[in-house]
K.L.:
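Handing you a structure now.
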There are 4 protein chains.
Amino acid sequence: MQASQDTKPRWERRKDARPQELLAAALHQFVERGYAATRLEDVARQAGVSKGTLYLYFTNKEELFKAVVRANIVATIGAAEQAAAAFDGASAELLATVLMTWWTEICATPLAGITKLMLAEGNNFPELAQFYNEEVVARGSSLITRILARGIERGEFRPLDTVVMTQVLVAPVMMLMMWTHSYMPTCDMPAIAPQAFMETFIATTLRGLKAD
Amino acid sequence: MQASQDTKPRWERRKDARPQELLAAALHQFVERGYAATRLEDVARQAGVSKGTLYLYFTNKEELFKAVVRANIVATIGAAEQAAAAFDGASAELLATVLMTWWTEICATPLAGITKLMLAEGNNFPELAQFYNEEVVARGSSLITRILARGIERGEFRPLDTVVMTQVLVAPVMMLMMWTHSYMPTCDMPAIAPQAFMETFIATTLRGLKAD
Amino acid sequence: MQASQDTKPRWERRKDARPQELLAAALHQFVERGYAATRLEDVARQAGVSKGTLYLYFTNKEELFKAVVRANIVATIGAAEQAAAAFDGASAELLATVLMTWWTEICATPLAGITKLMLAEGNNFPELAQFYNEEVVARGSSLITRILARGIERGEFRPLDTVVMTQVLVAPVMMLMMWTHSYMPTCDMPAIAPQAFMETFIATTLRGLKAD
Amino acid sequence: MQASQDTKPRWERRKDARPQELLAAALHQFVERGYAATRLEDVARQAGVSKGTLYLYFTNKEELFKAVVRANIVATIGAAEQAAAAFDGASAELLATVLMTWWTEICATPLAGITKLMLAEGNNFPELAQFYNEEVVARGSSLITRILARGIERGEFRPLDTVVMTQVLVAPVMMLMMWTHSYMPTCDMPAIAPQAFMETFIATTLRGLKAD
DNA sequence: AATGAATGAGGATTCATTCAT
DNA sequence: TATGAATGAATCCTCATTCAT
């Protein structure tokens with residue numbers, strides 16, 4: 001319990017790392033199995049602690065899941081919001097940056113599995129769906145919508161319905177995440193190449209948005 | 001339960017109708033809840049029978065699910081295969097017909113929920129995934145691939161990699177089904193208009209395929 | 001099922017034969033699986049009738065079992081009792097005859113499986129055990145006891161405790177039946193030869209009983 | 001639940017004792033009811049725990065049964081094997097010791113009920129039958145066969161077929177166990193006296209085996 | 001803070017028995 | 001008589017959650 005300057009005994013450093021380890025294990029299991037099928041015992045085992053310990057840090061399964069989302073996705077969105085607010089250059093560049101950040105930080109990482117999970121199981125867990133909507137979907141969408149508005153306002157983008165355009169931008173990427181985390185890649189169909197998909201998608205979209 | 005002029009005793013009409021009623025109820029529940037979360041008791045209740053009755057018609061949950069797929073999706077694919085084999089006109093028309101059939105018979109009906117379910121839970125039920133791959137994905141993909149080859153052979157379509165092109169055709173539609181059956185439509189984001197999506201998609205694609 | 005010269009219409013002959021067919025099927029299943037593990041549906045199927053039909057002839061599983069015992073074992077005991085009552089010769093011959101009848105009619109037939117079944121499951125079905133005791137064990141034992149008494153009375157057998165001697169006679173044979181119907185014969189141990197066992201057993205016993 | 005001087009907290013003592021308590025309860029239930037008819041809930045209740053607790057210690061019913069056999073019968077056989085290997089005296093004495101150990105450790109205890117159970121239900125549970133054959137029947141038989149061979153080799157026993165003789169030795173004892181655990185002892189027939197049976201059996205057999 | 005033993009509600013499946021036809 | 005569809009109680013097993021230590 002006593003604070004100390006880096007000279008902490010190993011078990012204490014351990015204690016500080018615990019939540020991180022638990023969240024990492026939980027992310028892995030949720031992505032691997034889905035929400036309902038994830039057993040907290042497996043999460044605990046993977047983190048090297050007992051099942052009971054999990055409950056010292058997280059009230060229940062639902063809160064554990066929310067914490068995973070907060071620690072990873074929400075944090076990333078927050079950072080993006082701040083970066084966007086501070087950004088001073090061309091809106092096209094800003095948009096490209098935000099989309100590529102989404103790609104590199106989330107889509108191309110195991111975190112994409114969370115998006116797939118929400119699409120897949122959201123109906124069965126309304127509370128989770130609502131949480132995810134508020135903390136992730138709404139904030140993320142709104143960030144993009146605001147960038148679009150900024151571009152239009154500054155005469156960089158053609159005038160268009162920013163909300164609809166946000167959808168047009170968001171949907172394909174979500175679908176790509178879904179796809180890469182379903183069993184489909186395993187099956188006979190030759191794989192979709194996500195990297196190429198994203199690059200083409202962003203390039204095309206920015207061209208289409210350009211004023212004149 | 002409704003009276004009818006059928007000469008059979010009500011009891012026997014019942015027996016004939018049972019499998020249909022059970023399959024309908026099962027489809028509804030599977031689409032509503034997903035595979036794992038569907039309780040057979042709920043399926044039975046919705047069909048107006050007891051739990052045990054289900055087992056008179058279907059060996060277990062897995063077979064029930066397969067039966068739902070066979071009775072609906074596989075049957076539709078079979079019909080499409082036959083129609084395609086008998087078709088004599090332009091390949092573009094054939095392709096458009098097959099895609100629109102897919103749309104009207106499956107995507108635009110509750111059956112789309114089955115596709116979503118497989119994408120969502122296929123990883124957790126490998127046996128189901130294999131079945132679905134063989135009976136649905138492989139057959140469906142192969143049908144489209146053959147139509148593309150037919151078009152190229154007849155000089156109607158530009159020469160292209162038919163397998164990759166099949167993916168390009170299939171993936172967006174599967175994604176659309178996924179989307180319409182996730183909780184996302186419920187959320188703040190304005191809905192995607194599937195009908196418009198499909199029409200645009202087909203028109204664009206056919207234009208892109210045309211030779212010259 | 002085969003035609004015959006019987007004047008009755010086929011379905012009516014069928015009706016008369018039904019109980020026999022059902023009892024035969026039930027015997028087969030009970031011996032094969034044991035009492036608890038026998039499913040009435042299998043009995044019905046083997047007899048070529050529906051499950052419901054079984055209940056037209058037998059109130060329930062228990063009564064079906066009792067009927068099997070009555071139709072086979074009890075009937076045999078009854079015949080033996082009458083034969084014994086009518087018999088006029090040497091007690092040793094009578095005893096040998098009774099034991100050999102037991103052997104040929106029961107031990108060496110599938111009926112031995114019923115004895116095994118009672119030994120194996122009697123504890124779980126007290127009502128059945130009591131029935132079997134009264135109708136089979138008590139009557140059978142008492143028949144042998146009376147033969148022993150007759151032999152002693154007529155000076156043919158040494159005086160001895162007839163009840164204990166009955167046990168000595170009965171137990172090994174029951175054991176033999178048990179043995180031949182357990183899974184043990186399947187296992188590595190070389191098989192016991194029941195025929196030789198019985199012949200030796202009877203010969204030895206009669207020698208041992210002889211007066212002087 | 002009883003207080004004790006053990007320094008461990010009651011809770012931990014409990015944990016150590018649990019498997020034993022569960023095995024004891026399981027043995028009791030299996031012997032009482034047979035394998036199929038034993039409900040795991042009853043085992044749990046008798047051990048004073050809930051259904052779920054059982055599954056903390058044993059994967060499923062089958063493994064629970066195997067554990068009962070291992071902890072009791074297999075262990076006893078192992079001890080007998082070692083004792084036999086270390087034994088240095090007359091083969092007749094060794095054989096008598098082994099048979100009497102079998103008697104006192106198993107036949108005369110509730111464990112005999114396991115033998116009865118296997119004879120009674122082995123046919124319905126092939127996996128269990130195989131396990132029991134390998135771990136108990138084969139090892140036990142082989143132990144006796146080796147003792148017979150030792151006696152013959154050392155000129156103590158008449159030359160004879162050791163495998164057949166093993167059967168002659170084993171069968172009656174198994175039958176005795178069967179008998180004492182069937183409902184038969186409850187019935188009208190005067191009881192077999194197992195103790196006397198075994199003593200006579202061993203004495204007679206050893207006499208018969210003696211060379212010259 | 002950490003443990004891990006214990007719980008018990010919940011769901012898939014089986015089968016003796018009933019009953020409308 | 002005969003059918004066979006329907007029932008529902010019974011049982012195995014799982015897993016989120018609790019709590020004594």
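In what follows, every chain begins at residue 1, and chains take the letters A, B, ... in the order their sequences are listed. We use all heavy atoms of the structure for the numbers below, so side chains are in, but hydrogens, waters and symmetry mates are not.
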K.L.:
Quick one: is E:dG8 close enough that its OP1 or OP2 comes under 4.0 Å of any side-chain N or O from D:Ser50?
P.N.:
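Answer no for this pair, as no side-chain N or O of D:Ser50 is under 4.0 Å from OP1 or OP2.
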K.L.:
Would you please name every residue forming a side-chain hydrogen bond (donor to acceptor under 3.5 Å, both in side chains) with A:Gln29, sequence neighbours left out?
P.N.:
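Partners of A:Gln29 by the side-chain hydrogen bond (donor to acceptor under 3.5 Å, both in side chains) criterion, ordered by chain and then number, come out as A:Gln46.
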K.L.:
Would you please classify the geometry between the C:Phe125 ring and the C:Tyr35 ring as parallel, tilted or perpendicular, with 30° and 60° separating the classes?
P.N.:
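Ring orientation of C:Tyr35 relative to C:Phe125: perpendicular.
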K.L.:
With the side chain counted from C-beta on, respond yes when C:Phe131 and C:Val136 share a heavy-atom pair under 4.5 Å apart, and no when they do not.
P.N.:
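Heavy-atom side-chain distance check fails, nothing below 4.5 Å.
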K.L.:
Runs of at least three consecutive Watson-Crick or G-U pairs, both distances under 3.5 Å, are what I'm after; which ones involve DNA chain E?
P.N.:
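Consecutive-pair runs (3 or more) involving DNA chain E: E:2-21 with F:2-21.
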K.L.:
Nearest whole angstrom, please: distance from the C1' of F:dT1 to the OH of C:Tyr57.
P.N.:
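So the OH-C1' distance, C:Tyr57 to F:dT1, works out to 7 Å.
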K.L.:
When the distance from CZ of A:Phe58 to P of F:dT17 is rounded to whole Å, what number comes out?
P.N.:
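Rounded to the whole Å, the gap is 14 Å.
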K.L.:
How would you list, by chain and number, every residue that makes a side-chain hydrogen bond (donor to acceptor under 3.5 Å, both in side chains) with C:Asn124, sequence neighbours excluded?
P.N.:
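C:Asn124 satisfies side-chain hydrogen bond (donor to acceptor under 3.5 Å, both in side chains) with no residue once adjacent residues are dropped.
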K.L.:
Rounded to the Å, how far apart are B:Arg45 CZ and F:dG8 C1'?
P.N.:
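Computing the B:Arg45:CZ to F:dG8:C1' distance gives 13 Å.
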K.L.:
Got a sec, which residues hit side-chain hydrogen bond (donor to acceptor under 3.5 Å, both in side chains) with D:Thr38, two or more places apart in sequence or on another chain?
P.N.:
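side-chain hydrogen bond (donor to acceptor under 3.5 Å, both in side chains) list for D:Thr38, sorted by chain: empty.
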K.L.:
Do C:Asp42 and C:Arg39 come close enough that some side-chain heavy atom pair is under 4.5 Å?
P.N.:
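Yes. Closest side-chain heavy atoms under 4.5 Å.
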K.L.:
Is there a side-chain contact between D:Thr53 and the phosphate of E:dT7, meaning an N or O under 4.0 Å from OP1 or OP2?
P.N.:
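True: D:Thr53 side-chain N/O within range (under 4.0 Å) of E:dT7 OP1/OP2.
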K.L.:
Using a 3.5 Å cut-off and no angle test, enumerate the donor-acceptor pairs between side-chain atoms of residues 63-74 of chain B and protein atoms at least two apart in sequence or in another chain.
P.N.:
unit_1: B:Asn72; atom_1: ND2; unit_2: B:Val68; atom_2: O; d: 2.7

K.L.:
Do B:Thr53 and B:Tyr57 make a side-chain contact, defined as non-hydrogen atoms from C-beta onward lying under 4.5 Å apart?
P.N.:
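Side-chain contact under 4.5 Å: yes.
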K.L.:
Without decimals, in angstroms, what is the distance between D:Asp42 CG and F:dT11 P?
P.N.:
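Answer to the nearest Å: 8 Å.
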K.L.:
Detail all sub-3.5 Å separations between protein N/O atoms and N/O atoms belonging to nucleotides 12-14 of chain E.
P.N.:
unit_1: E:dA12; atom_1: OP1; unit_2: B:Thr38; atom_2: O; d: 3.0
unit_1: E:dA12; atom_1: OP1; unit_2: B:Lys61; atom_2: NZ; d: 3.3
unit_1: E:dA12; atom_1: OP2; unit_2: B:Leu40; atom_2: N; d: 3.2
unit_1: E:dT13; atom_1: OP2; unit_2: B:Tyr55; atom_2: OH; d: 2.7
unit_1: E:dT13; atom_1: OP2; unit_2: B:Lys61; atom_2: N; d: 3.1
unit_1: E:dT13; atom_1: O5'; unit_2: B:Tyr55; atom_2: OH; d: 3.3
unit_1: E:dT13; atom_1: O4; unit_2: B:Lys51; atom_2: NZ; d: 3.1

K.L.:
Measure CG/C:Leu64 against P/E:dC15 and give the value in whole Å, please.
P.N.:
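Taking CG of C:Leu64 and P of E:dC15, I get 16 Å after rounding.
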K.L.:
Grab the CG-P distance between C:Leu56 and F:dG4 for me, whole Å please.
P.N.:
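Computing the C:Leu56:CG to F:dG4:P distance gives 13 Å.
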K.L.:
Would you kindly give the CD-to-C1' distance between C:Glu21 and F:dT1, to the nearest whole Å?
P.N.:
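So the CD-C1' distance, C:Glu21 to F:dT1, works out to 14 Å.
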K.L.:
Between atom CG in B:Asn124 and atom P in F:dC15, what is the gap in whole Å?
P.N.:
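Distance, rounded to whole Å: 11 Å.
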K.L.:
Hey, is the main chain of B:Leu40 close enough, under 3.5 Å, to the side chain of B:Lys51 for a donor-acceptor pair?
P.N.:
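Side chain of B:Lys51 to backbone of B:Leu40, a donor-acceptor pair under 3.5 Å: no, none is there.
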